[in-house]
Amino acid sequence: MIYYNAQLMSDDASAILFMVNNSVLFERFEDHEAAIHFHIHQLVEQAIASGESPVALVEDYLDISYTDGSNPHEISDFLLQSDVMQSALGNLKENWHQKSTDLPDEGLLFGQGIAQNEILERYSKITLRSYLETLSTFNR
């Protein structure tokens with residue numbers, strides 16, 4: 001099940017960064033953050049499997065020097081701890097604090113005014129490259 005919440009992800013950029021595949025609805029920011037970390041890890045693994053260099057992508061899109069190891073876990077940890085990602089997560093955390101609990105769960109899961117199949121299609125098109133491209137322009 002794709003977790004998409006229109007209150008937390010109010011635009012296409014935040015949807016790309018914060019939409020995740022999870023079996024249950026999140027009740028708090030920390031659980032959502034952990035799922036984002038797992039999603040980034042999967043994107044790194046997919047990039048490697050498709051022949052791309054995740055390190056080069058991170059350096060090119062975020063204009064930072066990568067200094068950690070070469071396995072997917074180290075790359076995803078580095079990305080999660082980058083200043084731009086921490087800033088984006090800070091925005092998400094603030095949205096979590098402001099989130100209304102009055103909306104029904106289905107509205108929170110599938111978004112408001114967006115069909116489930118559209119959310120699934122958007123999610124399936126996210127790659128490490130598109131993720132980093134979005135992150136590089138987030139809140140600038």
Side-chain angles (χ1 to χ4, degrees):
M1 145 171 89
I2 305 302
Y3 182 78
Y4 175 86
N5 181 310
Q7 291 182 75
L8 302 174
M9 304 164 220
S10 58
D11 56 29
D12 287 342
S14 59
I16 289 171
L17 297 178
F18 306 136
M19 190 174 10
V20 293
N21 190 358
N22 204 58
S23 59
V24 296
L25 295 174
F26 298 115
E27 294 184 16
R28 59 193 195 119
F29 165 75
E30 290 77 11
D31 297 331
H32 192 175
E33 179 183 34
I36 291 168
H37 188 207
F38 182 74
H39 184 229
I40 292 170
H41 181 86
Q42 289 178 314
L43 293 174
V44 169
E45 286 181 333
Q46 290 168 359
I48 292 169
S50 69
E52 290 191 283
S53 168
V55 171
L57 291 172
V58 167
E59 289 182 336
D60 289 348
Y61 279 103
L62 302 184
D63 197 29
I64 55 177
S65 295
Y66 181 77
T67 58
D68 290 351
S70 60
N71 74 49
H73 184 73
E74 292 167 322
I75 297 168
S76 61
D77 281 351
F78 180 86
L79 180 55
L80 193 67
Q81 295 304 317
S82 69
D83 289 342
V84 67
M85 188 68 195
Q86 286 299 301
S87 177
L89 288 171
N91 287 347
L92 178 63
K93 187 173 188 175
E94 182 62 31
N95 290 347
W96 265 96
H97 291 301
Q98 296 173 5
K99 182 173 73 84
S100 172
T101 58
D102 296 337
L103 294 178
D105 285 346
E106 184 178 33
L108 296 177
L109 179 62
F110 297 119
Q112 298 165 332
I114 299 176
Q116 181 180 6
N117 61 342
E118 184 178 338
I119 291 170
L120 292 171
E121 184 179 332
R122 284 183 189 183
Y123 183 79
S124 68
K125 290 182 179 180
I126 298 172
T127 64
L128 182 60
R129 182 179 295 276
S130 67
Y131 193 93
L132 292 170
E133 182 177 349
T134 301
L135 183 60
S136 71
T137 61
F138 193 74
N139 282 339
R140 290 191 184 183

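Phe78 has its side chain within reach of Thr67: a pair of non-hydrogen atoms, C-beta onward, lies under 4.5 Å apart. Side chains of Tyr61 and Arg129 form a contact here, defined as non-hydrogen atoms less than 4.5 Å apart. A 4.5 Å side-chain heavy-atom check between Tyr66 and Ile75 finds at least one atom pair inside the cut-off.
Shown here for Ile40 and Ser76, the closest heavy-atom pair between the two residues is CG2-CB, 3.7 Å. The two residues Met19 and Tyr123 make their nearest non-hydrogen contact at O-CE1, 3.6 Å. Glu52 and Pro54 get closest at one heavy-atom pair: O-CD, 3.3 Å. Between Phe18 and Ala88, the shortest heavy-atom contact is CZ-O, 3.3 Å. Between Asn95 and Leu8 the shortest heavy-atom distance is ND2-O, 3.2 Å. Among all heavy-atom pairs drawn from Tyr4 and Ile119, the shortest one is CD2-CD1, 3.5 Å.
Below 30°, between 30° and 60°, or above 60°: for Phe26 and Tyr3 the angle between ring planes is above 60°, a perpendicular geometry.
With hydrogens and angles disregarded, a donor-acceptor distance shorter than 3.5 Å links the side chain of Ser82 to the backbone of Leu79. A donor-acceptor distance shorter than 3.5 angstrom exists from the side chain of Thr137 to the backbone of Thr134, with no hydrogens or angles considered. Here the side chain of Ser130 pairs no donor or acceptor atom with the backbone of Ile126 at under 3.5 angstrom.
The side-chain contact (heavy atoms from CB on, under 4.5 Å) test applied to Ala34 returns no partner, not counting sequence neighbours. Partners of Asn117 according to the side chain to side chain donor-acceptor pair (under 3.5 Å) rule, which considers only residues two or more places apart in sequence or in another chain, do not exist here. Partners of Gln86 by side chain to side chain donor-acceptor pair (under 3.5 Å), not counting sequence neighbours: none found. Shown here are the side chain to side chain donor-acceptor pair (under 3.5 Å) partners of Asp83, two or more places apart in sequence or in another chain: there are none. In this structure, the side chain to side chain donor-acceptor pair (under 3.5 Å) partners of Asn71, at least two apart in sequence or on a different chain, are Glu74.
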Which pairs would a plain distance check flag for residues 42-50, meaning a side-chain donor or acceptor within less than 3.5 Å of a matching protein atom at least two apart in sequence or in another chain?
residue : atom : partner : partner atom : Å
Glu45   : OE2  : His41   : NE2          : 3.0
Ser50   : OG   : Gln46   : O            : 3.3
Ser50   : OG   : Ala47   : O            : 3.0

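When the side chains of ILVMFWY residues are joined at heavy-atom separations under 4.5 Å, either directly or via intervening members, Leu120 and Leu25 end up in a single hydrophobic cluster.
Distance check: Met85 CE to Ile64 CD1 gives 11.5 Å after rounding to the nearest 0.5 Å. With values rounded to the nearest 0.5 angstrom, Asp12 atom CG is found 11.0 Å from Leu17 atom CG. Summarising the geometry, atom NZ belonging to Lys125 is positioned 10.5 Å from atom CD1 belonging to Ile16; distances are rounded to the nearest 0.5 Å. Note: Glu30 CD to Lys93 NZ = 5.5 Å, rounded to the nearest 0.5 Å. For the atom pair Trp96 CH2 and Asp31 CG, the distance stands at 7.5 Å (nearest 0.5 Å). Atoms CG and NE2, on Leu92 and His97 in that order, are 9.5 Å from each other to the nearest 0.5 Å.
Salt bridge present: Arg122 and Glu118 bring a charged side-chain N and a carboxylate O closer than 4.0 Å.
The 12-atom threshold is not exceeded at CD of Glu27, counting heavy atoms of other residues, nucleotides or ligands nearer than 6.0 Å.
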